[in-house]
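Only one structure is covered here, and it is reproduced in the block below.
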Amino acid sequence: MKIWNQKFECMPREQMHMLQSERLIDTVNRVYHQVPFYKKRMDSMGLLPGDIKSIDDLTKLPFTYKDDLRDNYPFGLFAVPMKDVVRIHASSGTTGKRTVVGYTRDDIDMWAEVMARTLSAAGTTSDDIYQNAYGYGLFTGGLGAHYGGEKIGAAVIPISGGNTKRQIEIMIDFGSTIISCTPSYALYIAECIEEGMIKREDIKLKAGLFGAEPWSENMRKDIEKRLGILAIDIYGLSEVIGPGVSTECEKQCGLHVNEDHFVPEIIDPDTEKVLGPGTKGELVFTTITKQALPLLRYRTKDISSLNYDSCECKRTLVRMDKVTGRTDDMLIIRGVNVFPTQIESVLLEFGETAPHYQLIIERKGSMDELEVQVEMTDSLFTDEVRKVEDLERKLKFNIESTLAISCKVTLVEPKTIERSEGKAKRIIDKRKI
Ligand code: DLL
């Protein structure tokens with residue numbers, strides 16, 4: 001398969017080291033002088049931009065946390081004036097405050113470049129018809145992947161997520177050869193194709209780029225078999241750029257990180273010490289070319305490890321292991337990031353139930369279903385059924401509008417949710433992924 005950018009994707013390691021050093025020095029200077037938050041944090045550590053002489057000094061720099069973005073909501077960490085910002089995206093937050101990210105024109109170009117690499121790694125060329133079923137909107141998936149597809153010269157269908165019947169009709173009528181969506185949605189599409197008794201030869205798909213949520217090797221095999229395609233894992237997060245941070249190549253043995261733009265580290269989340277290649281820990285990224293929102297040592301909370309061995313595909317870019325877990329309790333349900341505390345705050349705001357709840361997530365077919373079980377107070381329990389049902393409806397409405405995903409709310413009898421002596425077990429994740 002074609003490598004989109006030989007120069008950077010196959011750069012000798014020593015040269016990459018030099019390039020990263022130059023770009024890091026520039027980034028540190030910019031954030032120190034243009035983002036008061038970073039000046040303050042570096043000053044408090046007695047660190048000056050001049051102390052950073054190469055990429056080897058990365059560990060001297062402070063970490064950045066998701067809460068830092070929230071505390072500086074919405075634009076406080078931007079390193080350029082708003083006149084230079086041409087795009088804003090956002091992802092969900094715990095207490096209604098979203099994580100807001102901004103892009104300059106150069107950032108958008110760089111994003112298209114890394115997504116062009118990603119799409120090429122799955123075999124996309126200008127001859128392809130590319131059905132992009134990631135959500136368009138504040139989520140970075142839709143527009144992020146879109147620009148990469150156009151850069152390659154593929155014919156991009158900006159279909160966005162949902163409306164599966166239409167997805168399949170268009171897939172057949174337009175002859176889509178490449179698809180991108182969350183892996184769980186890919187399985188749902190496969191199911192609908194099977195149910196519709198559609199013949200495989202009516203579908204021209206050859207590869208899919210799946211990410212935005214964790215998925216296992218078993219799920220990959222299932223998708224590949226049922227859709228008859230090559231299934232490639234793609235990873236990214238809004239804070240760093242969106243999709244395009246890393247991608248598998250056709251060898252499917254780890255995700256190549258675009259480290260000429262995003263420098264990865266693996267740390268022990270408790271001691272914060274950097275861990276060596278092959279050791280699992282928390283993935284941390286420093287952006288070294290981003291203009292609007294450069295981030296130093298951003299703590300992703302995703303668990304992975306790094307592998308610097310050469311890859312058969314000839315790319316020299318370091319590979320990260322498939323992300324299968326997180327260090328916090330963030331759940332990804334149908335591609336939407338959900339923190340249990342978001343649901344908790346809706347329940348507590350209502351104040352008509354007991355403060356004991358549990359989230360049950362199941363995969364029915366290929367779709368994730370969320371059930372929120374909440375204990376009734378004694379007085380509510382003795383009330384009429386109509387009142388209980390009414391409250392269930394109201395809670396459901398409020399949770400759904402806060403989280404932007406559908407759920408079922410069940411009020412259960414007082415004292416039926418198991419109590420715990422340590423951390424409460426709020427999540428029962430029955431999905432086998
Ligand atoms: O999910 C960006 C994206 C869009 C990636 C489309 C790939 C494809 P956020 O909404 O900010 O951004 O969520 C980022 O999703 O920290 C991981 O926990 C999880 N995640 C993303 N890709 C993968 C993957 C987009 N391939 C959060 N495997 C990240 C496992 C993933 N988890």
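Counting starts at 1 for both ligands and their atoms, following the listed order. The structure displayed is predicted, hence computed values, not measured ones.
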Please walk me through it: do Lys40 and Asp43 pass salt bridge (Lys or Arg N to Asp or Glu O under 4.0 Å)? CA-CA 5 Å; Lys40 205 164 138 203; Asp43 284 348; over 6 Å; no
With respect to atom 21 (C) of ligand 1, which of Gly135, Ser91, Gly236 exhibits the smallest heavy-atom separation? Gly236
Closest protein heavy atom to atom 19 (C) of ligand 1, given as residue, atom name and distance to 0.1 Å: Ile332 CD1, 3.5 Å
Would you say Asp321 and Ser304 are linked by a side-chain donor-acceptor pair, where the criterion is simply a distance under 3.5 Å? no
So, is the end of the Arg426 side chain (NZ or CZ) under 6.0 Å from the ring centre of Phe339 and within 45° of the ring's axis? no
Who are the salt bridge (Lys or Arg N to Asp or Glu O under 4.0 Å) partners of Asp106, not counting sequence neighbours? none
Is any side-chain heavy atom of Phe37 closer than 4.5 Å to one of Asp71? no
Just let me know how Thr140 lines up against ligand 1, side chain, backbone, both or neither, with a heavy-atom cut-off below 4.0 Å. side chain
Compare Phe139, Phe210, Phe285, Tyr235 and give the one whose heavy atom is closest to atom 4 (C) of ligand 1. Phe139
What atoms of ligand 1 come within less than 4.0 Å of a heavy atom belonging to Val323? 28 (N), 30 (C)
Specify the protein heavy atom at minimum distance from atom 13 (O) of ligand 1: its residue, its atom name, and the distance to 0.1 Å. Asn337 ND2, 3.3 Å
For the pair Tyr103 and Trp111, name the ring-plane relationship: parallel under 30°, tilted 30 to 60°, perpendicular over 60°. parallel
Basic-acidic side-chain contact under 4.0 Å: Arg220, Glu217: yes
Just need the protein heavy atom nearest to atom 31 (C) of ligand 1, so name the residue and atom and give the distance. Glu213 N, 3.7 Å
I want to know if ligand 1 touches Ser238 in the polar sense, i.e. an N/O pair below 3.5 angstrom. yes
Would you check whether Arg326 has a nitrogen or oxygen atom less than 3.5 angstrom from a nitrogen or oxygen atom of ligand 1? yes
May I ask you to identify the nearest protein heavy atom to atom 7 (C) of ligand 1, giving residue, atom name and distance to one decimal place in Å? Ala212 N, 3.3 Å
Atom 16 (O) of ligand 1: which of Leu237, Ile232, Leu331, Asp302 has the nearest heavy atom? Asp302
Under 6.0 Å between ring centres, would you say that holds for Tyr136 and His146? yes
Heavy-atom contacts with Gly211 under 4.0 Å: which atoms of ligand 1 show up? List them by number with element. 7 (C), 8 (C), 26 (N)
